[in-house]
Number of protein chains: 2
Amino acid sequence: MTESHIAEKTGSRETETAILEAARNLLAEGGLDALSMRAVASQVGLSATAIYHWFEGKEDLVDRVVLHGFRRSEAYMWKAIEELPAGSMDRVAALGEAYIRFALENREYFKIIFAIQTPAPRHIDDVPGQGGYRVLRQCVVEAMDAGNIRRTDPDVVVLFLWSLVHGLVTIFMACDPKEMLAETGCCDDLDGKDLTIGLFARFRDLVRGGLEPEEGMGGGGDA
Amino acid sequence: MTESHIAEKTGSRETETAILEAARNLLAEGGLDALSMRAVASQVGLSATAIYHWFEGKEDLVDRVVLHGFRRSEAYMWKAIEELPAGSMDRVAALGEAYIRFALENREYFKIIFAIQTPAPRHIDDVPGQGGYRVLRQCVVEAMDAGNIRRTDPDVVVLFLWSLVHGLVTIFMACDPKEMLAETGCCDDLDGKDLTIGLFARFRDLVRGGLEPEEGMGGGGDA
DNA sequence: GGCGTTAAGTTAACACCGTTACATTAACAC
DNA sequence: GTGTTAATGTAACGGTGTTAACTTAACGCC
């Protein structure tokens with residue numbers, strides 16, 4: 001409670017950020033298993049128990065690491081749309097693509113939030129939606145105002161789009177997308193991240209026009 | 001390699017299934033952390049090491065437990081559509097709803113596949129898509145033949161629908177959906193599983209008709 | 001200069017964990 | 001009987017997150 005408290009804290013924070021950075025690297029390289037208190041500590045040059053002076057425990061440490069990831073993701077998504085015209089569907093699509101890119105480039109951050117053993121579900125602010133949700137929502141509302149999206153509850157549309165992209169990413173992170181689409185031959189020349197984005201591109205038509213057949217095209221095939 | 005091998009094995013399998021059942025319960029109750037070799041063993045009345053005679057290790061045990069979950073999920077989905085007319089969109093929608101129901105009623109099975117630390121992604125056959133993918137694909141193809149779905153690559157449509165539903169479930173398992181839609185007031189009276197399904201119902205319009213505004217409705221609002 | 005307090009870190013230990021090595025018991029084949 | 005194999009047990013290893021108790025250094029204060 002003394003006056004010099006602020007300055008004193010500021011200096012010591014270096015240790016805290018060093019711990020966070022080490023944790024971040026371990027997580028990105030080897031996943032949650034590789035992020036052990038002892039591994040983090042040895043990388044920083046401390047004993048494992050010293051970490052408990054800065055973080056409540058492993059869960060707290062991981063939370064803080066992941067939080068940092070979200071902050072980056074928000075910036076990532078803003079950057080993706082900044083040069084595209086407001087109200088355009090291109091903006092909405094670019095946002096989806098950015099989400100995919102970020103997720104696949106930061107698998108471990110991403111997995112943790114949706115994979116972690118949480119007894120209670122996490123608050124929305126702790127989730128990639130944090131920045132993402134609000135950015136997307138703004139784009140959707142603008143697109144509605146511009147007459148590019150049918151006028152309905154914007155939150156339903158946002159969740160619709162978010163679910164679509166998030167589902168695609170999550171599925172492709174768990175299965176081998178290449179194998180999954182082997183029979184189809186669609187996007188044959190692509191793989192990994194590009195395949196996911198290629199498939200996302202093919203979703204655009206469905207999102208825009210829906211699954212319903214065009215009017216006046218006759219009743220489909222030979223049924 | 002002796003002749004009595006089969007009968008002998010059949011009798012002993014009871015131990016194996018007892019282990020599986022104990023593992024299943026522990027997983028469903030307390031997640032992957034609660035499923036420890038020692039906990040399983042004590043529940044069956046064995047020593048932890050005895051499990052290694054029936055399973056290669058924890059990973060193998062978990063895999064087998066999850067596999068059982070998939071089998072159930074497939075049956076669950078077949079049952080959901082059996083009384084609905086083939087080729088109808090109701091079938092497709094019922095499948096989505098069944099997927100949501102199963103996921104939320106079997107969170108731990110579900111989480112594991114998409115959450116587990118897999119260096120290499122799992123094969124499609126190891127994923128809820130296993131049964132699910134093929135069931136959904138059949139329904140989509142039938143709906144195309146019946147003229148209820150625009151004719152395009154069915155695998156793209158299947159993945160589109162699967163992504164949508166899977167994303168919705170995954171997001172709602174990680175965030176608090178109630179909180180997320182607080183401002184909107186949509187589906188205000190529902191919660192938990194019902195809210196997710198309620199929201200899924202609102203997706204149906206968007207899936208059918210797309211986001212594009214109807215022709216001849218004028219250029220949207222006041223933009 | 002001595003005192004109390006706090007920050008920052010240590011070592012030792014606890015209770016788990018998955019897994020391995022090795023011993024044991026029982027049943028069966030020859 | 002003897003050998004073999006299935007089925008289980010005990011003891012132990014190296015790892016985990018975490019706690020308790022201790023040190024060491026720095027600071028404010030009188």
Side-chain angles (χ1 to χ4, degrees), chain A residues 1-23 26-27 29-66 108 112 115-119, chain B residues 1-23 26-27 29-66 108 112 115-119:
Chain A
M1 296 288 187
T2 60
E3 286 88 313
S4 69
H5 224 148
I6 306 117
E8 171 197 334
K9 272 276 177 186
T10 310
S12 307
R13 276 282 158 81
E14 286 170 21
T15 307
E16 194 180 344
T17 58
I19 294 172
L20 274 172
E21 195 165 327
L26 287 167
L27 183 69
E29 283 172 32
L32 205 61
D33 283 344
L35 197 169
S36 80
M37 297 304 249
R38 286 168 172 88
V40 171
S42 94
Q43 199 136 14
V44 186
L46 291 176
S47 70
T49 52
I51 301 178
Y52 286 80
H53 198 258
W54 300 98
F55 302 87
E56 284 180 22
K58 183 172 181 176
E59 190 178 325
D60 184 34
L61 176 57
V62 171
D63 278 356
R64 295 276 305 275
V65 169
V66 169
E108 298 305 332
I112 283 174
I116 217 164
Q117 266 73 3
T118 43
Chain B
M1 297 286 185
T2 60
E3 286 89 312
S4 68
H5 226 147
I6 306 116
E8 174 197 331
K9 273 277 180 187
T10 310
S12 308
R13 274 284 158 83
E14 286 170 21
T15 305
E16 194 180 343
T17 59
I19 294 172
L20 273 172
E21 196 165 327
L26 287 167
L27 183 71
E29 283 171 31
L32 204 61
D33 283 345
L35 197 170
S36 79
M37 298 303 249
R38 286 169 172 88
V40 171
S42 93
Q43 199 136 14
V44 185
L46 291 175
S47 69
T49 52
I51 301 178
Y52 286 80
H53 196 258
W54 300 98
F55 302 88
E56 286 180 22
K58 182 171 183 178
E59 190 178 325
D60 184 33
L61 177 56
V62 171
D63 278 355
R64 294 277 303 276
V65 169
V66 169
E108 299 305 332
I112 283 174
I116 218 164
Q117 266 71 3
T118 44

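Reminder, nothing fancy here: chain letters follow the sequence lines and each chain counts from 1.
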Which residues pass the side chain to side chain donor-acceptor pair (under 3.5 Å) test with A:Ser47, not counting sequence neighbours?
A:Thr49
What is the pairing partner of C:dA29, taking Watson-Crick or G-U wobble pairs with both distances under 3.5 Å in any strand?
D:dT2
Which residues pass the side-chain contact (heavy atoms from CB on, under 4.5 Å) test with A:Ala34, not counting sequence neighbours?
none
D:dT18, C:dT10, D:dT10: which one has an atom nearest the side-chain heavy atoms of A:Ser47?
C:dT10
Could I get the full list of side-chain contact (heavy atoms from CB on, under 4.5 Å) partners for B:Glu56, not counting sequence neighbours?
B:Asp60
Starting at CG of A:Asp60 and ending at P of D:dG17, how long is that distance when rounded to a whole Å?
14 Å
Starting at atom CD of B:Glu16, determine the distance to atom P of D:dT8, rounded to an integer number of angstrom.
11 Å
Whole angstroms only, please: what is the CD1-C1' distance between B:Ile19 and D:dA7?
10 Å
Given D:dA6, is OP1 or OP2 found less than 4.0 Å from the side-chain N or O atoms of B:Trp54?
no
Contact class for B:Ala50 (heavy atom, under 4.0 Å): base, sugar-phosphate, or nothing?
sugar-phosphate
Heavy atoms, side chains only, cut-off 4.5 Å: are A:Leu20 and A:Phe55 in contact?
yes
Kindly say if A:His53 contacts the phosphate of C:dG9, meaning a side-chain N or O under 4.0 Å from OP1 or OP2.
no
By side-chain contact (heavy atoms from CB on, under 4.5 Å), which residues pair with B:Ala39, not counting sequence neighbours?
B:Leu26, B:Ser36
Side chain of A:Tyr52, heavy atoms from C-beta onward: which of D:dT18, C:dA8, D:dT8 has the nearest atom to it?
D:dT18
Heteroatom pairs (N/O) under 3.5 angstrom, protein to nucleotides 12-16 of chain D:
unit_1: D:dT16; atom_1: OP1; unit_2: A:Ser36; atom_2: OG; d: 3.2

Is there a side-chain contact between B:Val44 and B:Ile51 (heavy atoms, below 4.5 Å)?
no
Just how far, in rounded Å, is C1' of C:dA8 from CZ of A:Phe55?
14 Å
With the side chain counted from C-beta on, respond yes when A:Leu27 and A:Ile112 share a heavy-atom pair under 4.5 Å apart, and no when they do not.
yes
Take atom CG of B:Leu61 and atom P of C:dC17, then tell me their distance rounded to the nearest Å.
14 Å
